[in-house]
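In what follows, chains carry the letters A, B, and so on, assigned in the order in which the sequence lines appear, proteins first and then strands, with residues in each chain numbered from 1.
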Protein chains: 2
Amino acid sequence: MTKTLERREKLRVELIQAAEQMIASRGLAGLKTRDLAREIGCANGAVYNLVTDVDELVLRVGSRTLHRLDEALSAAESAGEPSPQETLVRIAIAYCDFAAENLELWRALFEHRMAANKILPDWSVNDQLQLFRHIYHPLALLFPKRSQEELSITARSLFSAVHGMVALGLEQKLVAVPLPALRKEIAGLVRAMIDGLVARAG
Amino acid sequence: MTKTLERREKLRVELIQAAEQMIASRGLAGLKTRDLAREIGCANGAVYNLVTDVDELVLRVGSRTLHRLDEALSAAESAGEPSPQETLVRIAIAYCDFAAENLELWRALFEHRMAANKILPDWSVNDQLQLFRHIYHPLALLFPKRSQEELSITARSLFSAVHGMVALGLEQKLVAVPLPALRKEIAGLVRAMIDGLVARAG
DNA sequence: AATATTTATTGAACGATGTTCAAGATTCCT
DNA sequence: AGGAATCTTGAACATCGTTCAATAAATATT
């Protein structure tokens, strides 16, 4: 009994790592169960002993990506001068850099769509909600009068705006923007947004 | 000869309309050649007489979506008070509304990924570049000193930021934001961004 | 230790799907 | 009308994710 469980657990970890590597190198569309099975040395059908779906597999890889992203944002939050404005700029740049360095894994976070009937597992939802807290803290310093609710909304807006710049900026489909130019643009617009928000908050 | 060409042309139009309808109702992933063939009354393989790929089909639907989006933004540009700030706000709201009302078709614009080797046809690229001009004009009024190049970059940044708010705001995956709240947030952040940009340029 | 029972793994098979292509149907030219 | 050129067809192919009866392995029982 324990022999089997140990083997399964080790294989499951290998499977998720192989899937991560495969998405990173070939994109989400390049993830194939048969290739994964060959990679970790088991039968094609055995993948479904380790994971119920490819959906779950993608979600598990996504969880790892989100945690690494979280670490990158945490590092940016504390490194450098502590003024809230500059902290927010560093977080935005860190988000951009992470996306550029983990392009396919980062894309997989947003490209993946589950069948409409299936619902997201709790652990996956929680992973995602954690991200906003990096923006929440500096914002709270900037706007001490605002309620928790208002701050959450502003945090999500700010995050979304930066996300949009990164998403379209890294898109190869149209004109590929050079990374340094993109970083500069992001820093500029984040500063402008904060200035504007502060001015309007009076 | 002309009999055939007429038939083909009519069928091609029907095919693209059927594809548009199918994406709108079932999403990009719900687009199936066999269903399309049944819909327009021809053989499965005949689809490839009208279009070389499903890639091309998606691009043709995308072209129609982009043109409708262009019209919606044009309407927003001229309706209402002519101040550049408020014009930009109207355009942003119009983008949000269009995305909400054409959710799956709008998503298809960004979800679709062609095989890496194939290149985007020119007509598709041109379609996309037209979008920024709506933002370019009001921006030029706000920043008369800036060069064409600088204005283009700012226009793309502003567009991308709004796009990000719409994209994450309409995502069902996480917390679905009520549309009125999203519109309000977008208006607020666009005004803040413009205020900030003007202040920094001053 | 040998055997029976329970459990896990396997890979062939299934149903979809995009795409191709030889054969049959249609159109066109003389 | 008849033959050449062209177009349409749908069966066939390759590739997927997923399932499941059969085989192999691990565990329990005697």
Side-chain angles (χ1 to χ4, degrees), chain A residues 1-16 18-20 22-23 25-62 104 108 111-118, chain B residues 1-16 18-23 25-62 104 108 111-118 121:
Chain A
M1 184 63 143
T2 124
K3 194 77 164 287
T4 295
L5 286 188
E6 272 177 25
R7 174 188 151 79
R8 260 166 112 102
E9 207 48 50
K10 188 177 292 184
L11 254 192
R12 199 199 316 273
V13 171
E14 287 182 54
L15 176 68
I16 294 169
E20 185 175 55
M22 199 170 286
I23 292 176
S25 60
R26 314 197 306 201
L28 184 56
L31 188 71
K32 310 285 149 132
T33 58
R34 284 169 178 80
D35 292 344
L36 285 172
R38 194 176 321 117
E39 196 82 30
I40 67 177
C42 74
N44 169 22
V47 167
Y48 296 86
N49 301 333
L50 309 172
V51 117
T52 75
D53 256 348
V54 290
D55 274 348
E56 185 193 330
L57 189 52
V58 173
L59 254 35
R60 298 227 110 98
V61 171
E104 293 296 346
E111 281 181 9
H112 179 61
R113 300 230 168 274
M114 301 219 322
N117 46 28
K118 286 200 285 190
Chain B
M1 185 61 142
T2 123
K3 194 78 165 286
T4 295
L5 285 189
E6 271 178 26
R7 175 187 151 81
R8 260 166 114 102
E9 207 47 49
K10 188 178 291 187
L11 255 192
R12 198 199 316 274
V13 171
E14 287 182 53
L15 176 68
I16 294 170
E20 185 175 55
Q21 170 57 38
M22 200 171 285
I23 293 176
S25 61
R26 316 197 308 203
L28 185 57
L31 189 71
K32 311 286 151 140
T33 59
R34 282 168 179 79
D35 292 344
L36 285 172
R38 193 175 323 116
E39 196 82 30
I40 67 176
C42 73
N44 169 23
V47 168
Y48 295 87
N49 300 333
L50 309 173
V51 118
T52 74
D53 256 347
V54 291
D55 274 348
E56 184 193 329
L57 189 52
V58 173
L59 255 35
R60 297 227 110 99
V61 172
E104 294 296 347
E111 281 180 10
H112 179 61
R113 300 229 169 273
M114 301 220 322
N117 45 28
K118 285 199 285 189

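- When the nucleotides D/dT9, C/dT10, D/dG17 are ranked by their closest atom to the side chain of B/A46, D/dT9 comes out on top.
- Atom pair A/L11:CG and C/dT10:C1' shows a separation of 13 Å (rounding to whole Å applied).
- The phosphate of D/dT8 (OP1 or OP2) has a side-chain N or O of B/N49 nearer than 4.0 angstrom.
- Between B/R60 and B/E56, at least one side-chain N (NZ, or NE/NH1/NH2) sits under 4.0 Å from a carboxylate O, which counts as a salt bridge.
- For A/R34, whose side chain is taken as the heavy atoms from C-beta onward, the closest listed nucleotide among C/dT10, D/dG10, D/dG17 is D/dG17.
- A straight line from CG of A/L28 to C1' of D/dC16 spans 14 Å, rounded to a whole angstrom.
- The side chain of A/R8 approaches C/dA8 more closely than any other nucleotide in the set D/dT18, C/dG18, C/dA8.
- If you take CD of A/E56 and P of D/dG17, they are 15 Å apart, rounded to a whole angstrom.
- Distance from the side chain of A/K32 is smallest for D/dC16 among the nucleotides C/dA12, D/dC16, C/dT19.
- For the side chain to side chain contact (heavy atoms under 4.5 Å, CB included) test with B/V61, the passing option among B/L28, B/I23, B/L31 is B/I23; the others fail.
- At whole-Å resolution of the value, CZ in B/R38 and C1' in C/dT17 are 13 Å apart.
- Residues A/A37 and A/V47 share a closest heavy-atom pair of CB-CG2, 4.2 Å.
- Of the candidate nucleotides C/dA8, D/dC7, C/dT19, C/dT19 has the atom lying nearest to any side-chain atom of B/Y48.
- Per the geometry, CG belonging to B/L50 stands 14 Å off P belonging to C/dT20, to the nearest Å.
- A/D35 has its CG atom 16 Å from the C1' atom of C/dG11, to the nearest Å.
- Taking only side-chain nitrogens and oxygens, B/R7 comes nearer than 4.0 Å to OP1 or OP2 of D/dT8.
- Remark: of the listed residues B/I16, B/V13, B/I40, B/L57, B/I40 is the sole one forming a side chain to side chain contact (heavy atoms under 4.5 Å, CB included) with B/L50.
- In this structure, A/T33 OG1 and A/R38 CZ are separated by 10.0 Å, a value rounded to the nearest 0.5 Å.
- Rounded to whole Å, atom P of D/dT18 lies 12 Å from atom CG of A/L36.
- For the pair A/E6 CD and D/dA25 P, the computed distance is 18 Å after rounding to whole Å.
- Both A/N44 and B/N44 lie near DNA chain D, and the one whose nearest nucleotide falls closer to the 5' end is B/N44.
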